[in-house]
Amino acid sequence: MLNLRTLSGHIAACFRPCMFANHPRVLVATIAFTLLVTVSCSLPRRFRSAAKFDSPPQSELTFESNQDVELVTSTDSGEAAVQGVEPAVDMRMLPAVALVDPCVPTPDVPRSTDELPSRFWEMTIDEAVALALQNSQIIRNLGGRIVTAPSAAVTAMDAAIVENDPLLGTHAALSQFDTSFSTRFFYEKNDRAFNNVTLGGGAQELVQDLNTWQTEWQRTSRLGTRMALRNLTSYDDNNRLNNLFRNSWDSQWQAELRQPLLQGAGYEFNDLAGPNARLGFNFSSGIVIARLNRNISDVDFELAVRELIGNVQRTYWNLQLAYQDYHSRVHAREAAHRTWQATRARAEQQLRGGEADKEAQSRAQYYFYEDLCIEALNGNSAAPGIYGTERQLRHLLGLPATDHQLIRPISVVAMAEMVYDFASLKQQALTQRAELRQQMLRVRQQEYRLLAAKNFLSPRLDATAQYRLRGFGDDLAGKGPRFQSAYQDIAAFDHQEWGFGLELNAQLGFRQAQAAVRQASLQLARERVILAEQELAISHALSDAVAQVAQIHASMQAAEQRVLSTQARVAATEAAFTADQSSVDMLLDAQEKQYHAAYRYHQLQAAYSVALWEVEQQSGELLTIVN
């Protein structure tokens, strides 16, 4: 226990310079207030709630019939109302909650069952999509595949990874036409004896120092021409008797050209397959094939982004539905509580309708809806509730699982009937759907591979040409009489050599090339069949999506009338029950039917918004709409 005298002494010591040290009563009052604040801050939050379990908090929201409301009205605030039906719940009208308690730290853990949100983050659907795209270095999903299968994750770097593949990427294909440089130096010390002096160049025992340098530049043009420029320089110091010089330098420059005439010739083949193309490797080292691979990867990323946007939109409208469901359950709970209180009042006055079974029945109905309200907040195995759906949306948006604000959708649910021009919508889908564009890229890629494979039905016939310019001298560089230096001899152009020729290499029958052509033709036919089937499937899916919009809108109108009917029934039954002309069974049943009708109506509103998004997705216009 606290020692108040000791505590007051410490506080008095702290305030000794001030007036409290001379006024004990003020000091005691200050201590009592401090203890009260400390104890209240240390209590669990649920014990500090103003609401009592048997007396539910009154909501500012009402769900009463209003027969004077127009069929569809819109205001500057973005609200919408339906004739005689409570409009889609405006999330800004949820019950006001107390401001953040300074004694409670900002929550960074999942919210507890009995905790109500203290602040709301009012978010539109456009803001949610923009935030998801802004925070998406990796395309998120709600399946947890990033944990179980991280290699299957789609990221913003995937297209660049494909382009920079050192074997199959675009830069790898372009590098085949880059200039290469090589050089080598080799030194030999020779010391050998010959049985024949002639073989030793006039020396019975040959002693030689031999140095060789070779430098070369090579390049392949897009026409298929292989060009090489070489320099070979050697230094020879030996004891041969017939030598002009004891040591000598020999240097030569060589230029070589090799031009394919049949197989491997031309810009088209080298752009498609590359100068080092071989059968059986799908010609993936060609520039055109590599760029198509990059384009296909871009479409893969586009599809992943579209899936992310779809998940965000579905989760956003599900969260709004969760709020609306919670509102409907709170309204039903309040109605059940009023019925219970009326039945209990009759029981206390021993009036008809206040029997024990009636009071217990109405009390059970109230606690049933109390349980439903808890589920609406926290969710269950079948539905995640407000908190669970909000966490799902936060995951998709790249936000922390919990913070001091609860996301609340404020976008208006679509109510107007949508009528589509199916012919133009179908034409748009067949030209803009990413899946079709991706398959068209695969078809084009296979057409190019077929052209490249046909090139191998021709034999390999190459024309070659060589030119050499030689120089010889006692020194490598310098000036003087003839053969004074090798470079001076080269500059004189006295020793020039050249040659040309043809080389033919052919496989008799071309069996391997013919098999490659047949395979490429079959692959092309397969990709074209897949494209046609995709077009058919997309047409059916688009038709289903348009039909779904019409069906849901019709069901929404029927649900509207159902809500009106249940509201009228509840009003009439409540009046009859108050006048003691109806039983509590009828009133509880009417209230339950009203709750189910309201939930169905809100469910159809969310489904209608998702169905409109599905038409945009099936028509290929979704990414254009969200910019």
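For the numbers below, each heavy atom of this structure counts, side chains included, while hydrogens, waters and symmetry mates do not. Note that the coordinates shown come from a computational prediction; the quantities given were computed from them, not determined experimentally.
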With sequence neighbours excluded, residues passing side chain to side chain contact (heavy atoms under 4.5 Å, CB included) with [X]:
{"X": "A342", "answer": "F577"}
{"X": "A550", "answer": "none"}
{"X": "H540", "answer": "L536"}
{"X": "R314", "answer": "N311, V610, W613"}

Are a donor atom and an acceptor atom from the side chains of [X] and [Y] found within less than 3.5 Å of each other?
{"X": "Q551", "Y": "S555", "answer": "yes"}
{"X": "R344", "Y": "Q341", "answer": "yes"}
{"X": "Q591", "Y": "T339", "answer": "yes"}
{"X": "E614", "Y": "Q618", "answer": "yes"}

- salt bridge (charged side-chain N to carboxylate O under 4.0 Å, His left out) pairs touching residues 587-613, sequence neighbours excluded, are R569-D589, D589-K593

- May I ask you to check if R408 and F120 form a cation-pi contact, with NZ or CZ under 6.0 angstrom from the six-membered ring centre and within 45° of the axis? yes

- Do E390 and R394 meet the salt-bridge criterion of a basic N to acidic O distance under 4.0 Å? yes

- Message: Check R346 with E359, please: is the shortest side-chain N to carboxylate O separation under 4.0 Å?
- Response: no

- Indicate the ring-plane relationship of Y595 and Y369, choosing parallel, tilted or perpendicular according to the 30° and 60° boundaries. perpendicular

- Item | With sequence neighbours excluded, residues passing side chain to side chain donor-acceptor pair (under 3.5 Å) with T578 | none

- Task: May I ask you to test the D300-D158 pair for a side-chain heavy-atom distance under 4.5 Å?
- Result: no

